[in-house]
Structure formats: structure tokens, C-alpha cells
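Please read through the structure below; I'll follow up with questions.
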Amino acid sequence: MPTNEISKIFENFLEKESLFIEKKVLQASYTPEELIHRDEEIKQLAKILAPALRTEKPSNVFLYGKTGTGKTVTAQYTAAEITKISKEKNIPIIVVYVNCKLSRIADTEYRVIAQLAREFGKNIPPTGLPTDEVYKIFFQTIDHEKQLIILILDEIDQLVKKVGDEIIYNLTRINTSLKNSQLSIIGISNDLVFTDHLDPRVKSSLSEEEIIFPPYNAIQLQDILRRRAERAFKKGVINQGVIEKCAAYAAREHGDARRALELLRVAGEVAERNGEQQVTITHIDAAEEKIERDRVIDIVKTQPKQQQTTLFAIFSLYAEKKNVMYTGDVYDVYKTSCKKVGLQPLTQRRVSDIIGELDMLGIINAKVISKGRFGRTREISVAIPQSIKPKIITILQQSLNVD
DNA sequence: GTCAATTCACATGAAAGAGACCACGGTCTAGTG
DNA sequence: CTAGACCGTGGTCTCTTTCATGTGAATTGACGA
């Protein structure tokens with residue numbers, strides 16, 4: 001591409017007026033200074049945490065609710081308020097927030113504890129130390145002076161699913177061995193039945209109090225979107241009905257506010273890229289498709305070779321007009337694909353797990369069914385929209401070097 | 001026709017191994033005064 | 001004499017294999033009406 005053409009693109013971009021004032025308001029990481037439609041939950045949580053201000057240990061709390069129902073924001077918001085007051089009154093309260101899922105920072109017992117210790121300024125190597133050594137360091141650090149620690153464990157269900165409930169058990173029991181400080185836990189989970197799999201002892205000590213976050217309804221979502229859109233977009237950019245449609249889309253998916261905001265942001269970006277002055281309803285449809293496409297492509301690209309090969313096998317079978325297939329079929333094709341790719345085939349046991357993982361990622365649907373006399377297996381079908389399939393297949397072929 | 005036993009084709013669990021990474025402490029080596 | 005290179009040990013982490021056990025309903029076959 002000639003240079004002047006590129007510079008033309010940039011120039012054009014600069015000439016076009018941005019539709020946004022402050023795009024970050026719509027981003028997932030943004031914490032608004034004022035929360036709406038979560039008053040009740042904030043009040044509850046505040047009541048539970050209030051004893052901390054008298055340096056009494058607050059109960060451990062458990063926050064439940066589906067994704068995008070404001071659990072994290074509520075916890076962070078309330079925690080911020082309490083630290084503000086504690087600072088004013090000089091009460092030693094420390095709030096630590098750990099997300100157990102985000103980018104593998106803290107998804108093992110060792111890493112969580114190490115992460116916690118790091119929050120208190122200790123330098124813990126990423127590996128190499130025995131786990132109990134890290135525990136010890138953490139213990140000593142927090143017990144160093146008299147203080148009250150509120151530990152927010154976000155996506156705690158992910159953590160427990162991966163490494164078991166031992167950490168939680170250890171953390172809830174930590175108070176008995178601490179002399180100076182005390183530790184309270186706020187657990188956040190979007191899995192509603194998560195505690196059922198928990199050790200009863202852990203369960204009772206962790207969820208001394210529970211707050212359930214109901215999904216937002218369409219009206220509430222509209223309020224939230226409007227509030228944010230006012231700050232994010234320039235005046236008059238948002239067309240009539242756009243907010244409503246965004247809210248309706250998200251409400252359909254269990255009232256996920258995060259998704260609603262993302263939809264609105266991407267719709268804005270799409271409009272901007274097309275050089276249009278207004279965000280209209282059609283942009284939302286485009287945004288929805290783009291989000292889905294980006295998500296799937298990103299997942300497929302970042303999968304390891306084995307997973308990709310498995311996926312490739314599934315798509316190959318699908319191309320043979322088999323809309324549903326079973327684990328055995330996939331494994332057979334997978335083995336021949338491995339030969340083509342030059343990969344050591346894994347055992348069926350492992351491939352079975354991989355199929356389960358791909359199902360979790362939402363690329364395929366895999367349902368365990370029993371075919372009676374003919375055994376039990378997974379019924380597998382492809383779960384991505386027709387429009388992206390060719391693209392995915394090319395990505396797989398490129399990545400695996402086959403045709 | 002009814003009902004329990006059988007049977008299939010995997011699912012699901014648990015344990016353990018391989019190989020990568022890392023910290024720590026001890027030993028060796030080369031450079032310095 | 002000392003800083004840095006180099007080892008061995010012991011630890012974690014991820015991915016995988018091996019072995020074992022579980023499972024839901026179509027099928028089978030005995031049984032009785």
C-alpha cells in the first residue's frame with residue numbers, strides 16, 4: 001500500500017469528528033462514581049461491613065448473581081466508601097481485591113496467596129517456594145500490625161473449581177491463628193449453585209451472610225445505559241430507540257449490564273468507522289455480530305494446537321453434513337487429522353475433556369446423552385453462527401498448516 | 001405385555017508422571033588487588 | 001578474596017496418561033397373563 005494512501009486514512013480519521021466524548025465510561029473496567037438500581041444491595045453490604053469501623057470482624061459475605069448484575073461494582077464501591085471513612089477516622093482497615101480468574105494471575109492456591117502477599121508489599125517469586133512457605137509469609141505480613149482486612153475474592157467459583165476449597169478453608173480459619181489482625185472475606189460468584197459442591201464447613205463459614213443480586217430488568221438497564229451514554233457520547237449522537245434496543249438485547253440475556261454497555265460502545269465504534277454522525281438501531285445489530293465474531297475468532301486463534309485439531313476434526317465432520325456427531329466419530333477424525341498435522345494424538349480420555357472445554361467456550365454444543373443399548377456419549381454440534389464458519393475454518397487451516 | 005437384568009460407549013474421577021519453570025544454597029572459576 | 005557462573009535439590013504448574021468406576025436407557029430374555 002502506498003504511503004500516501006495510508007496517510008490519507010489517518011487524515012480522514014482526524015477530519016472525522018469523533019462521536020465519543022469519553023469512551024472509557026463504557027468500558028468494562030470503568031467504575032461509575034454512582035451506582036443506580038443497586039441501593040438495596042449496597043445498603044445490605046454496608047450493614048454487614050459496618051462493624052469493621054469499630055474494629056470488630058465483620059461476617060464473611062457471599063455475593064451471588066449472574067454476570068453483569070453489578071456484584072463487583074457494588075463490592076468495590078462499598079469497599080471504597082468504607083476505606084474512605086476509615087482513613088478519615090484513622091481506623092486500620094485494608095481492603096484487598098483479587099480476581100481469581102482474570103488472566104491467570106491468581107488461579108491456583110499458590111498464586112492467590114502470593115498475590116495477596118504482594119498486595120501487602122511482599123515480593124513473592126512466581127514459583128519455586130513451597131506453598132506453606134507462602135502462607136507463612138502472608139500470615140506474618142498481615143499479623144505484623146493490628147488491622148482489619150477485608151478480602152474480596154471475585155469469581156471465587158472459578159478458583160474453587162480449579163483448585164478445590166482448601167484455600168477458602170485455610171483463609172476462613174486464618175483468624176484463629178492471627179493475634180493482631182483479623183480477616184473477613186467477601187466472596188463473589190456468578191454460579192448460583194456453587195456452594196452446593198463446597199465442603200459444609202467451608203460453606204457455613206464462608207456464607208455467614210448472603211446477598212443475592214437479581215438481574216436488571218430492561219427499564220433499569222435503560223437507566224444505566226442512558227446515564228453512561230450521556231457522558232460517553234456527544235449530544236444528539238444516539239438515535240431514538242437505540243438505548244431501548246440495547247437494553248432489550250441485554251435483558252434477553254439475563255440482564256447483563258456489562259454486555260449492554262459493550263453493545264452500545266461497539267455500536268458507536270461501528271458508526272464512527274463508517275463515518276456516520278449518528279448511532280442508529282442498525283448499528284446495534286452490526287455490533288452484536290461483530291462482538292460475537294471477534295469473541296469466537298479470538299478464542300479459536302488462541303487455542304493450543306491440540307484443541308485446534310480437535311475443533312478442526314469437528315468442523316470436518318460438520319462439512320460432511322453431519323449436524324450432530326458423537327465423541328467416537330470426532331476422535332476417529334481427530335486421529336487422522338493429527339497424522340496430517342504431524343501431531344502426536346492424545347488419548348480419547350483427554351480429547352473427551354477437550355470437547356468439554358470447547359463446549360464451555362461456547363464454540364460447540366456438547367450434550368451428554370444416552371443412546372441406551374448403544375452407550376453413552378456426547379452429542380456434539382457446532383454452535384457458532386453460519387456467517388463466521390468459513391472464516392473459522394480458514395483460521396484453523398492456516399494455524400495447522402493443512403487443507 | 002411387563003419387568004428386571006444386561007450391555008454399550010463413553011463420561012467422569014483420581015492419581016500419578018513428564019517436562020517446563022523457578023528459588024535457594026553450595027561449589028567452582030576467573031578476575032581483581 | 002570475591003563476584004558471578006554453574007550445579008543439584010526441591011518446589012509449583014500444566015498437560016497428559018493410566019487405571020478405575022459410573023451411568024442412562026435401549027435391548028434382551030424370563031416370566032406370567
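Letters A, B, ... mirror the listed sequences (proteins, then strands); counts begin at 1. These numbers come from the heavy atoms of this one structure, side chains and all, not from hydrogens, waters or symmetry mates. On a predicted model such as this, the values are computed, not experimentally measured, just so you know.
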Exercise. Would you mind reporting whether A:Ser337 and A:Val333 have side-chain heavy atoms less than 4.5 Å apart?
Key: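 Answer yes - side chains close enough.
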Side-chain donor-acceptor pairs of residues 49-58 of chain A under 3.5 Å, sequence neighbours excluded:
none

Exercise. Report the residues that fulfil side-chain hydrogen bond (donor to acceptor under 3.5 Å, both in side chains) with A:Lys66, sequence neighbours left out, ordered by chain and then residue number.
Key: none
Quiz item: Which parts of residues 366-375 of chain A get close to DNA chain B, meaning a heavy atom less than 4.0 angstrom away?
Solution: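 Of all residues in residues 366-375 of chain A, the ones placing a heavy atom under 4.0 Å from DNA chain B are A:Val368, A:Gly372, A:Arg373, A:Phe374, A:Gly375.
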Self-check item: For A:Arg378, salt bridge (Lys or Arg N to Asp or Glu O under 4.0 Å) partners two or more places apart
Solution: none
Quiz item: Using a heavy-atom distance cut-off of less than 4.0 Å, which residues of residues 341-355 of chain A contact DNA chain B?
Solution: A:Gln348, A:Arg349, A:Ser352
Practice problem: Considering only heavy atoms of chain A and a distance under 4.0 Å, specify the first and last nucleotide of DNA chain B in 5' to 3' order that meet this criterion. | Solution: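 So the contact region on DNA chain B extends B:dT7 to B:dA23.
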Quiz prompt | Pairs involving residues 73-82 of chain A, ordered by first then second residue, that meet salt bridge (Lys or Arg N to Asp or Glu O under 4.0 Å) (sequence neighbours left out) | solution =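 Counting only pairs at least two positions apart or across chains, the salt bridge (Lys or Arg N to Asp or Glu O under 4.0 Å) contacts touching residues 73-82 of chain A are A:Glu81-A:Lys84.
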Quiz prompt | A:Glu292: partners by salt bridge (Lys or Arg N to Asp or Glu O under 4.0 Å), with sequence neighbours left out | solution = A:Arg295
Exercise. Just jot down the salt bridge (Lys or Arg N to Asp or Glu O under 4.0 Å) partners of A:Asp223, sequence neighbours excluded, or say none.
Key: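 With neighbours one apart ignored, the set is empty.
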Atom pairs and distances, donor-acceptor, side-chain atoms in residues 363-372 of chain A, under 3.5 Å, two or more places apart:
{"residue": "A:Ser370", "atom": "OG", "partner": "A:Gly372", "partner atom": "N", "Å": "3.4"}

Quiz item: Among all residues two or more places apart in sequence or in another chain, which pass the side-chain hydrogen bond (donor to acceptor under 3.5 Å, both in side chains) test with A:Glu269?
Solution: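 With neighbours one apart ignored, the set is A:Lys23, A:Arg265.
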Quiz item: Which residues satisfy the side-chain contact (heavy atoms from CB on, under 4.5 Å) test with A:Gln386, sequence neighbours excluded?
Solution: A:Tyr318, A:Lys389
